[in-house]
Protein chains: 6
Amino acid sequence: MTSSRTLLVISAHAGDFVWRAGGAIALATSRGERAKVVCLSYGERGESAKAWRAGRTLEEIKAIRREEAENAAAELGAEIEFLDAGDYPLVESRELVDRLVRVYRDVVPDVVLTHTLADPYNGDHPAAARMALQARVLAQAIGYEAPGEPLGAPPVFFFEPHQPEQCDFRPEVLLDITPVFDRKRKAMECLPAQQHMWDYYTDLAKRRGVQLRRNAGPNLGLAHDTVGEAYMRLYPQVTDVLS
Amino acid sequence: MTSSRTLLVISAHAGDFVWRAGGAIALATSRGERAKVVCLSYGERGESAKAWRAGRTLEEIKAIRREEAENAAAELGAEIEFLDAGDYPLVESRELVDRLVRVYRDVVPDVVLTHTLADPYNGDHPAAARMALQARVLAQAIGYEAPGEPLGAPPVFFFEPHQPEQCDFRPEVLLDITPVFDRKRKAMECLPAQQHMWDYYTDLAKRRGVQLRRNAGPNLGLAHDTVGEAYMRLYPQVTDVLS
Amino acid sequence: MTSSRTLLVISAHAGDFVWRAGGAIALATSRGERAKVVCLSYGERGESAKAWRAGRTLEEIKAIRREEAENAAAELGAEIEFLDAGDYPLVESRELVDRLVRVYRDVVPDVVLTHTLADPYNGDHPAAARMALQARVLAQAIGYEAPGEPLGAPPVFFFEPHQPEQCDFRPEVLLDITPVFDRKRKAMECLPAQQHMWDYYTDLAKRRGVQLRRNAGPNLGLAHDTVGEAYMRLYPQVTDVLS
Amino acid sequence: MTSSRTLLVISAHAGDFVWRAGGAIALATSRGERAKVVCLSYGERGESAKAWRAGRTLEEIKAIRREEAENAAAELGAEIEFLDAGDYPLVESRELVDRLVRVYRDVVPDVVLTHTLADPYNGDHPAAARMALQARVLAQAIGYEAPGEPLGAPPVFFFEPHQPEQCDFRPEVLLDITPVFDRKRKAMECLPAQQHMWDYYTDLAKRRGVQLRRNAGPNLGLAHDTVGEAYMRLYPQVTDVLS
Amino acid sequence: MTSSRTLLVISAHAGDFVWRAGGAIALATSRGERAKVVCLSYGERGESAKAWRAGRTLEEIKAIRREEAENAAAELGAEIEFLDAGDYPLVESRELVDRLVRVYRDVVPDVVLTHTLADPYNGDHPAAARMALQARVLAQAIGYEAPGEPLGAPPVFFFEPHQPEQCDFRPEVLLDITPVFDRKRKAMECLPAQQHMWDYYTDLAKRRGVQLRRNAGPNLGLAHDTVGEAYMRLYPQVTDVLS
Amino acid sequence: MTSSRTLLVISAHAGDFVWRAGGAIALATSRGERAKVVCLSYGERGESAKAWRAGRTLEEIKAIRREEAENAAAELGAEIEFLDAGDYPLVESRELVDRLVRVYRDVVPDVVLTHTLADPYNGDHPAAARMALQARVLAQAIGYEAPGEPLGAPPVFFFEPHQPEQCDFRPEVLLDITPVFDRKRKAMECLPAQQHMWDYYTDLAKRRGVQLRRNAGPNLGLAHDTVGEAYMRLYPQVTDVLS
């Protein structure tokens, strides 16, 4: 049943999906689900300081970032698409939103992951989130002109930003990524320009794992090396069991 | 597997669990789970206006309320216990918290339901919630002197208050109670003194059902007569799948 | 005195004013006040699913929606104007804001009603609200080039969105619409494509009526069939009596 | 009609009602309404620094504060009652709440004024507010044993604390006290030990007056010497006209 | 050491920096630091009512406002630059943000002051703040094409809006401007068209001074004529001593 | 000058001050300031699981915890006092608050550190904070009967709880504890029963160090091994320089 599910990740820059949602992606693909990542930009200007300092050209940097992200996506078992909309700033436009509507209508996701709506350290992240959310609503309208059927109402999760407390981020969902963490680590290692992040996000995974164990129900018996990712929900959870 | 799960509901007055959590209780018992309701008081002073106007004595009112609540619990398949701590006001005390610790240690709940922490219309509700939460934390400590093993960390859900918006209540979890709504209705009808509430909470169930359908994922195919109950979480959700 | 007052309602789509502010409009006109509704779009793409499924063209749908809204406005005793700015998405622009400035300068409203600033289910609603608010401020400036005198500072009320709790909506003002509810119901019935909404908003009116009675001062003696609409204020209330 | 209305002010210390609600009280009594002030303490320990430094005894200080407050109340046309419950700290107790229930049942207020629920500079203020609110709810219950009839649901307003922004105070209601400000000033001058407050609260009245003019509807024509007091509401406003 | 520090103030209109940050500017320049003010517009349409009523042309008004602001800046010892981007509305654009990036790269500020992100009375203020913040982040990126070195991470402070409580403004930093208040007063007096503001902001300075004394540590010994300005922080304070 | 300053830390249990404020304490004492820690309880019931499982008696556990805390305090150069008020639950009482008032009057702190006011995982923490804050206000009143002079207004900082996001904790102050981190680590190692915490709080210190560098002004030149502690402020910062 779950093998027909699809996860859609919409991120501002090429590397975001790895640090922030690599575990969720690997969990989905390990269950046989489809995962699709859409990168609005390569993060060529704002998140490639090392390459700029090494004197690379803009086009070279985009190519490097693209290849790295493709490698990371492959490690996670995900498809990846780049919209090359430019970063720093990522400029919101009706055209870009329309491209995302078409992605939604094509992919028909069961779950959507994107950035938080606030991030005082990086304006591209909220811009990506606003477009991802607007496109999701537009894709639901039968009257919106784009190929495909009107979308249902897939739940939206915000992944954890780099400085969560300054972005009004509060873990509402703690996702146990223990079984796939080695794949997340390998995917992170596909991004050599940000090597200091490998340990940073490994430490964060442990930290969220500690919280997972503290908040888990009594019978789950989580191991001491549990690692996790944290998410917020935009919409209420719909369920038939409280747990 | 789920048949060994236990739901604990801690409420201030005898009728609260019916209006606010009757669906969750019936869902649990319909799955073969155990459900236990603890009423801190009978609601004898604050929620029995009709009986007072009819000239009943305090003891008569408590007996009436008790019988009605027992009938409603039976309809929902739940056990019920009354602590008879008095209402209007429900006075917080270390002794009452201790009694709740012993309930936790005895029942070993997998899930806990209680009132919201804010309610400007009824101070007994937050008082009950504060004690329910304090007792849950105390029951976790091996050093707390009470029979039984230290409690795990069962998730806590706040059920919906009568005027939710004034109580900072925002539906975070929408529970589909469609399959058991007839039992919730029958349980409500066990409380004849508050007959105006039967329709009020039936209307609310429909309203939450409309929201359920609007927030459900694309493949759920919820029927038009879906009815629901809304809950908030105190602690983050722990899960291994985002949905 | 009050017969010289004017109510201005600015909404995103053709039907919004009926469900959400029909009572306030009918109350105003029943007191002999002027009420003017401005619809930024017809809701042709996002709120006309039935007509799209019936194979209607865009122009046909706009004509249908226009006629329905005109009928509803007539039932409520209100004037109505359509700016035909398109929906899904309703695109914010300086030109559209300028048109609203001219409406303000022309109508000189004493009270303004519009959407909430947050609505994760419908981006057109906040877009309409942002433009309505920006235009109100611009219209106050003597230096803004548009016909008419600088506007005063009419209070602004946000009407209730479809899923209020997810839109940070909290009833701050409960308006008793009992004397005019039959006119609101008739106005709703002018919108046959959304027949499921008639009962939904009738139930909501009852729900807000119950809260009206619970929050009314001791001497108001509200009847059991009281119905209401809920609003939020953007600015502080100015008064010479606390009540 | 309004001459039968009653205003009840519940404050922690003897002087609070003058600085924070003197205008509202004078407005009420100038309309022929009844106003009753209940002071839970004299502010003998926490708000009488000058007298302590002058070497007065506790009993002398209480007598001084009492007389001053009586004079101020007389200036405002209000009755005043002292519960002498002690301050710094004002200790919450069931007995004190019960005394307030009896006040409510006796006075039958149409409007209630009290402190905000947060004040990091003075714990007595929130303690007074919590008791005032709890007693109001208890007084509504027919089953609560106290003389008189069950109370209705009088609206509650929080008056402005000394450092409003640190107390989560946001002006929601701006009350025009211009016609009675001279009486408020005279009442303030009945409190000579806090002379620095006379100008402080006169300046605040001007500041709130500026905001009154900025937020008033276009036709009110408020004069430049408008002065005001700010309030928050605990419960939604109930009305039949939006303004 | 501090003589090499630079303060950058980005404001929407020509006068804003005087009322809201004149003390901070004068303090900085009195310590020998550089202060630079950037006015995005002259406030020619929205904040020059007197001149419009006197029949001045747009160009005349801009010239008047410019001269007044230059005089005020001189009084405070600050440099000033006008971007002449128009007001009411101040329209956000990528070009204007780019101009601000260049200012940042050129000035290399140690501290940045700007408007709050919310202001329901004046949309230009949040627009200016959003651009000031976006430009600050862009200026940090080595890949952003503009002269100069990538910016560090200067702290950002929001100065106090005219109606602070409605703008979610809460004093987080109280700045003692006593030694330079006479210069702030003289700078205010350079703006004759808004004479009513001189006393308004002098009263506010006293009010913030009272709070300064109430919140100061025990040994500061602040005088009774202490005056202050209030600020909020966007980012956490970085320090090596708690005080 | 600073050598006469005093830091007061009020915590619920014996170990809290080490994990959460060890760096701030060591910084203060390394500057020659006095630091005093007051532990309301030993954490004997709620935070000594290992000892309970090892079959120790209550008195043994208290003695162990006391010795460990004394060792940790010595490592940090701080004085320590135990009020032995019991934990799980730490019961608030007027007597305990009075003891704290006497501590304030005796120690005359320049800065106060305590727990956050919210912590859904441990009710003792907010209870300690409430008493610490109430005592601070009482100690300021000349009329409060206790030895010593009325207290000034020392600023209060909340240290970081174990699960900060669930406790409404947001880093407002990032304290650079790099020069003293080795002493904090040694102090942590004085608490062998909670060995898993050593690395947890070392990781947290690194995480806060990363944020320190990201939020530091451009000229600070912080090293890559910067470590930090995070704090919130209860009251506004008072300063004469923005930085």
Side-chain angles (χ1 to χ4, degrees), chain A residues 1-2 4-7 21 24 27-28 31 33 108-113 140 149-157 159 170-180 208 211-222 226 228-243, chain B residues 1-2 4-7 21 24 27-28 31 33 108-113 140 149-157 159 170-180 208 211-222 226 228-243:
Chain A
M1 175 197 72
T2 56
S4 65
R5 284 168 52 96
T6 299
L7 173 70
L27 273 179
R31 284 191 301 259
E33 300 175 21
V108 192
D110 296 86
V111 177
V112 179
L113 311 186
Q140 295 178 325
E149 293 299 307
L151 191 70
V156 176
F157 295 85
F159 39 68
R170 216 173 95 113
E172 293 179 344
V173 181
L174 292 167
L175 182 70
D176 186 345
I177 61 168
T178 312
V180 298
R208 296 307 178 201
Q211 294 180 338
L212 253 162
R213 293 205 311 276
R214 295 272 297 226
N215 289 288
N219 302 318
L220 289 181
L222 294 174
T226 299
E229 280 176 350
Y231 291 89
M232 293 188 80
R233 288 179 181 277
L234 177 58
Y235 299 104
Q237 179 189 5
V238 171
T239 186
D240 54 9
V241 59
L242 297 177
S243 69
Chain B
M1 173 199 73
T2 56
S4 65
R5 284 169 52 95
T6 300
L7 173 70
L27 273 178
R31 285 191 300 259
E33 300 174 22
V108 192
D110 296 86
V111 178
V112 179
L113 310 186
Q140 295 178 325
E149 293 300 306
L151 191 68
V156 176
F157 295 85
F159 40 68
R170 214 173 96 113
E172 293 180 344
V173 181
L174 292 167
L175 182 69
D176 187 344
I177 61 168
T178 312
V180 298
R208 295 308 178 201
Q211 293 181 338
L212 253 162
R213 292 205 312 276
R214 295 272 296 226
N215 289 288
N219 302 318
L220 290 179
L222 294 173
T226 299
E229 280 176 349
Y231 292 89
M232 292 187 81
R233 288 179 181 277
L234 177 58
Y235 299 105
Q237 179 189 5
V238 172
T239 186
D240 54 9
V241 60
L242 298 178
S243 67

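Values in this document were obtained by computation on a predicted structure and should not be read as measured data. To find a chain, count down the sequence lines: A is the first, B the second, and so on, and within it residues start at 1.
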Residue part contacting chain B, namely of Ile177(A), when any heavy atom lies under 4.5 Å: neither
Can you tell which part of Val111(A) gets under 4.5 Å to a heavy atom of chain B, answering side chain, backbone, both or neither?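 Interface part for Val111(A): side chain.
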With Thr178(B), which residues qualify under side-chain hydrogen bond (donor to acceptor under 3.5 Å, both in side chains), at least two apart?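 Once residues adjacent in sequence are excluded, the partners of Thr178(B) under the side-chain hydrogen bond (donor to acceptor under 3.5 Å, both in side chains) criterion are Asp176(B).
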Select one option (side chain, backbone, both, neither) describing which atoms of Leu113(B) are under 4.5 Å from chain A's heavy atoms.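 For Leu113(B), the side chain is the part near chain A, not the backbone.
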Chain A heavy atoms under 4.5 Å from Leu27(B): which part of the residue, side chain, backbone, both or neither?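 Just the side chain, heavy atoms under 4.5 Å.
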Below 3.5 Å, can you tabulate the donor-acceptor pairs from side chains in residues 233-242 of chain A to any protein atom, sequence neighbours excluded?
residue, atom, partner, partner atom, Å
Arg233(A), NH1, Ser243(B), O, 3.2
Arg233(A), NH2, Gln237(B), OE1, 2.9
Arg233(A), NH2, Ser243(B), O, 3.2
Tyr235(A), OH, Arg136(A), NH1, 3.0
Tyr235(A), OH, Pro120(C), O, 2.5
Gln237(A), OE1, Arg233(B), NH2, 2.9
Thr239(A), OG1, Val241(A), N, 3.1
Thr239(A), OG1, Val241(A), O, 3.0

Answer yes or no: is there a donor N or O on one side and an acceptor on the other, between the side chain of Glu229(B) and the main chain of Ala24(B), under 3.5 Å? yes
I'd like to know if the side chain of Gln140(A) reaches the main chain of Gly152(A), judged simply by a donor and an acceptor atom lying under 3.5 Å from each other, with no hydrogens or angles considered. yes
